[in-house]
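Order of listing sets the numbers, starting from 1, for every ligand and every atom in it.
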Amino acid sequence: MGLDVQTRSSDPDGGPIGVFDSGIGGLTVVAALRRLLPNESIFYVGDTARVPYGGKSKTTIERYSTEISKLLLAENAKMLVVACNTSSALALTYLRDQFSVPVLGVIQPGAAAAIAVSRNKRIGVIGTRATIASKAYDQAIQAMCAEAQVFSRACPLLVPLIEEGMFRDEVTDLTLQRYLESLLQKDIDTLVLGCTHYPLLREAIARVVGAKVTLVDSAQNCALAVQDALLKKKKINQRADGNLRVALTDATEGFLRVAEKVLGLDIRNVELLGVRES
Ligand code: DGL
């Protein structure tokens, strides 16, 4: 399977920040970037033709992530932001080895934020099967704070519930209770929402875990890491006209419009990038 790429002329200010996700969930990172860095242009690609990545193998996730990264680089992206926990967990090193632009993921910023807010250093992590099986969060958290204990749980039913817009629904609440029960029994005081879809379910998750557990989402922390990296590389855009381009690999606009509304984004045209068998 391959993707059609058309190269655009280069931008004198260094091009957009290239952001991708397996689908629409990465727009939570885009919303945080738009708030923090309104001057930056963003080109977002959601691989809606091949979502979900969360149950796929490392080799497949690496291949898909490489193909989407090449689409962004063909548009002169000055940096790649992997706004997908699954891809960040399994393909980040692979991408960094191939491309010369900075490649940022969501795991490291999320892990750092969790350590910063946790008082008892008992940290829960939820994500897709692939993210949880990779132990990427466990490793990132323990590398920064050896005494931290990480309790993780794959929650494969949450992405479909979110994509159905079931944010306030007893089925969602029951599903969350079932998933989070074992983590709450471990006396966690912090829960990492280790999937870019999950911030859309923040209210429901907060209802289930209660006020004693602090929720950490990768979106805001990833945006701060992007700002930091741009400042260090002197690649901050000085013009005040950042724009947002959104492309999908399949026309699945229904959930896009739900996410747009919930996140307060203004997405006018959605481009369609062709996917072909090769
Ligand atoms: N965006 C993915 C993540 O953050 C979740 C959806 C999927 O399984 O592809 O892990």
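Residues L37 and I236 have side chains in contact (heavy-atom distance under 4.5 Å, counting atoms from C-beta outward). Side-chain atoms of Y44 and I267, non-hydrogen and from C-beta on, never get closer than 4.5 Å to each other.
Taking atom 10 (O) of ligand 1 as the reference point, the nearest protein heavy-atom neighbour is T86 OG1, 2.6 Å. The nearest protein atom to atom 5 (C) of ligand 1, hydrogens excluded, is given as C195 SG, 3.4 Å; this is a heavy-atom distance. For atom 8 (O) of ligand 1, the nearest non-hydrogen atom of the protein is G54 N, 2.8 Å. Distance from atom 1 (N) of ligand 1 to its nearest protein heavy atom, with residue and atom name: D21 OD1, 2.7 Å. Taking atom 6 (C) of ligand 1 as the reference point, the nearest protein heavy-atom neighbour is S22 OG, 3.5 Å.
Residue G25 places every heavy atom at 4.0 Å or more from ligand 1.
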Evaluate side chain to side chain contact (heavy atoms under 4.5 Å, CB included) for L157 paired with Y179, printing each intermediate quantity in order. CA-CA 10 Å; L157 290 174; Y179 279 142; 3.3 Å; yes

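The shortest N/O to N/O separation between T131 and ligand 1 does not fall below 3.5 Å. Considering backbone and side-chain N/O atoms, T128 never comes within less than 3.5 Å of an N/O atom of ligand 1.
Considering every non-hydrogen atom in both A32 and Q220, the closest pair reads CB-OE1, 3.8 Å.
Taking a cutoff of 4.0 Å between a charged side-chain nitrogen and a carboxylate oxygen, E260 and R257 qualify as a salt bridge. The pair E181-R153 does not count as a salt bridge, with every side-chain nitrogen at least 4.0 angstrom from each carboxylate oxygen.
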